[in-house]
Amino acid sequence: MSKSLSSTNNVQQGKTNLLQNPFEFSDEQILDNVYRTHFHCVEKCDVTSLHTVASCVINHSIEITDTVITKGSQLSDRFREDTTITSQQLTAKLKRIACQMVCTARGDHYAHHTTMLILEQLKAYSWDAKALIVQAAFALEYGKFLYLPLTTQYQMSEKSLADLNGLLMIQHNTQHLTFFNSVVKKVMQVIECITEWKRLTSAGYDIKDVPTLAETLHEIPVVVYWAIFTFVTCTGQIDDFTTDHKIHKHELSKNFENKLDLILRNFKEHLEMCGKEIGRIEDYTRRKNIVIHTGKDIVKVLKALIISGENRESRHSVFNILTGEQIKIEEFKKKHVLLFISGLDSIEEETLLLKSIYEKLKEKPREVEGYRKDDFKILWIPIVDEWNEERRKTLETKLQRTKFGWYVVKHFNFETGIKLIREVFNYKERSIIPLISPEGRVENIDTKQIISVWGIDGFPFRTSDHTRLTQQWNWFWSEMTKLNPRIGDLIEEDRYLFIYGGTDIMWIQEFTTAVEKLKRNVDSISLQIDITIESYQLGREDTKVVPRFWIAIDSLLASRKQQMMKGGDQGVQDFATREIKRLLFLKQDPKGWVILSKGYNVKLLGQGEAMCRSVRDFGIWYGKLHEEVSFDVAFKEYYESIKVKDCPKKCEHSEISNYPTDILAHIPCPNMECGRSMEVTSVNYRCCHGLEP
């Protein structure tokens with residue numbers, strides 16, 4: 001008994017809920033009710049064809065009623081021909097839904113009840129399919145109602161058919177028809193929004209990239225509900241055109257107009273936002289393809305990165321830092337571009353590097369493998385979170401200090417370009433300097449390492465150049481790291497390193513003291529960039545490593561000559577062989593020898609006395625470090641001046657022993673009875689500088 005009573009109460013409560021006035025519901029209440037009728041989209045239907053046919057019928061019917069209202073004249077036979085196609089599209093489901101709508105009693109609560117029943121029947125369809133199926137059912141009734149030609153004078157047969165459809169009095173109820181037509185037009189706009197929403201959600205965009213699309217997923221059930229509710233109500237109103245029913249037309253008109261206007265306004269705004277977000281995605285994809293794949297031109301690549309719209313270069317203007325003049329992107333055509341991408345803070349080291357490179361590019365133009373120095377340009381793109389007044393002033397201050405001829409994109413805030421730079425060049429707030437060819441190809445994702453280590457010797461700064469230069473000194477570092485693994489850590493950290501040795505104990509002590517003092521002095525002065533100096537004395541821990549090192553270098557020279565005779569990499573071989581000879585000659589200095597390197601790059605092989613004095617005289621030449629000159633450049637300049645003035649040019653000699661006999665000239669035995677090749681035991685080379693020929 002209690003179960004039966006409970007069931008009865010639930011049914012009554014359900015009927016009460018279904019018969020409520022939906023205009024009194026909030027969107028959250030409607031969403032809750034409608035979502036309970038929605039299952040997974042199991043049922044499928046051709047919503048595109050359905051929408052096309054139904055829209056054709058309804059839009060033509062709207063034209064008919066508009067004509068009746070404004071002219072009341074004979075209508076074109078065109079409508080009669082076009083709307084006959086609807087009869088071929090009807091299904092049993094459409095007829096059943098149309099019948100339900102026609103039989104719905106007047107009143108918003110009854111329309112709500114029918115709407116919920118229809119949603120329950122269509123629970124397995126997608127949201128757009130629900131609305132379009134009901135639209136088609138409405139078109140069935142609306143099309144039949146207004147299909148017959150309406151004229152002021154009917155033929156008897158036509159009048160009889162018109163009477164059957166209740167059309168006789170339509171021209172005498174134009175006020176109601178005007179409102180009816182207005183409501184149908186608005187609900188058709190809602191349907192168009194639903195089909196547009198479906199197109200956007202079916203395009204495969206990630207909701208993370210189109211966040212507004214996620215909002216519409218919560219909004220669409222309410223929109224579909226009101227579209228179906230409107231079709232149900234309008235279908236029930238058709239009978240009013242041919243009767244004298246007294247309904248609250250004006251009150252109903254106000255409710256529908258307000259509700260549909262609100263739905264259209266909000267939903268259209270969201271769809272427009274979705275369109276803009278999708279437009280940004282498509283624009284980003286197009287620009288990315290230009291930068292990575294299809295650019296084939298440095299100008300196109302730069303425009304894809306920094307120009308936010310068509311022919312709107314004024315928003316992100318490029319200026320020549322030296323002259324202050326604005327230039328066009330086309331000035332970079334057929335040029336190699338070093339793209340300096342950074343923030344505004346802690347970029348002194350990069351600025352110093354680029355200034356050094358810029359000056360070297362202007363000195364003695366030369367060509368390396370088809371690369372000409374004067375074809376290289378530097379473009380700075382500073383990126384900050386917000387270009388407020390403080391950041392603008394900081395930029396101007398840095399530009400005033402950077403008075404040389406590279407270029408800058410001022411106040412760059414193009415979101416798509418910044419996102420593209422972060423993805424393509426892997427920019428993560430730390431300064432990078434990619435190299436882009438005239439064909440728009442990224443030849444080096446970051447030239448900062450090769451410029452920092454090798455300077456202008458790394459020209460033209462390709463990734464392969466770094467590999468090539470590193471290999472040129474591999475022979476040296478390989479031997480040094482065998483002696484002390486700590487050396488490998490120092491060169492990996494890209495520090496300045498003095499490696500020295502010799503046979504003069506007094507000079508060794510003097511140079512060691514001078515280097516330690518140099519380290520303290522460098523740490524005590526205020527410079528724009530940090531300079532870290534390390535030192536290593538060959539044989540300090542173990543004197544046995546000294547002859548072991550020189551024997552290895554001596555043997556290395558012999559093996560290099562063998563490889564050259566057999567046809568190795570002549571470029572690398574020639575360089576390595578030349579430097580090995582220089583090092584062996586340097587070994588003969590009576591005081592000592594010094595090597596200065598920065599990372600893998602050996603900057604200087606110097607004679608003992610001149611190198612020691614250059615280290616001691618730091619107080620004389622350190623001022624150049626304030627002039628944005630790197631430590632190694634300033635040191636080398638002073639060393640060369642000391643070497644030329646105070647150190648006489650010495651002729652070196654080298655004794656070669658234990659060489660494989662097949663790499664030296666063969667001399668036959670002077671004994672005529674013998675004539676066989678003599679064994680080579682040692683060879684001594686000595687410069688004959690100053691002697692008569």
query: Between the side chain of Arg287 and the main-chain N/O of Ala304, is any donor-acceptor distance below 3.5 Å?
result: yes
- line: Applying side chain to side chain contact (heavy atoms under 4.5 Å, CB included) to Glu429 and not counting sequence neighbours gives Arg422, Tyr427
task: Would you please name every residue forming a side chain to side chain donor-acceptor pair (under 3.5 Å) with Trp454, sequence neighbours left out?
output: His466
query: Relative to each other, are the rings of Phe635 and Tyr639 parallel, tilted or perpendicular (30° and 60° limits)?
result: parallel
- request: Would you mind telling me which of Ile499, Leu556, Ile580 makes a side-chain contact (heavy atoms from CB on, under 4.5 Å) with Phe476?
  value: Ile499
Contacts table for residues 531-553: side-chain donor-acceptor under 3.5 angstrom, sequence neighbours left out:
from   : atom 1 : to     : atom 2 : distance (Å)
Glu534 : OE2    : Arg495 : NH1    : 2.7
Ser535 : OG     : Lys519 : NZ     : 3.1
Asp542 : OD1    : Lys544 : N      : 3.1

- prompt: Would you call Arg372-Asp374 a salt bridge at under 4.0 Å N-O?
  reply: yes
- request: Take Glu330 and Lys303 through the salt bridge (Lys or Arg N to Asp or Glu O under 4.0 Å) test and state the conclusion after the steps.
  value: CA-CA 9 Å; Glu330 283 71 17; Lys303 284 185 175 181; 2.9 Å; yes
- request: Any pair with a residue in residues 472-481 that passes salt bridge (charged side-chain N to carboxylate O under 4.0 Å, His left out), sequence neighbours left out, goes on the list, sorted by first then second residue, please.
  value: Glu479-Lys482
- prompt: With ring centroids as reference points, do Phe631 and Trp621 lie under 6.0 angstrom apart?
  reply: yes
- request: Apply side-chain contact (heavy atoms from CB on, under 4.5 Å) to the pair Phe319 and Tyr407, showing each step before the final yes or no.
  value: CA-CA 5 Å; Phe319 290 84; Tyr407 304 86; over 6 Å; no
query: With sequence neighbours left out, what residues match Asp465 under side chain to side chain contact (heavy atoms under 4.5 Å, CB included)?
result: Ile450, Pro460, Arg462, Arg468
task: Could you check whether the rings of Phe376 and His336 sit parallel, tilted or perpendicular, using 30° and 60° as the cut-offs?
output: parallel
task: Just say parallel, tilted or perpendicular for the rings of Phe459 and Phe461, cut-offs at 30° and 60°.
output: perpendicular
message: Can you confirm if the aromatic rings of Tyr622 and Tyr638 lie within a centre distance of less than 6.0 Å?
response: no
message: According to side chain to side chain donor-acceptor pair (under 3.5 Å), who are the partners of Glu423, at least two apart in sequence or on a separate chain?
response: Tyr284, Lys288
- request: Report yes or no: does Trp475 contribute a side-chain atom to a donor-acceptor pair with the main-chain N or O of Gln472 at less than 3.5 Å?
  value: yes
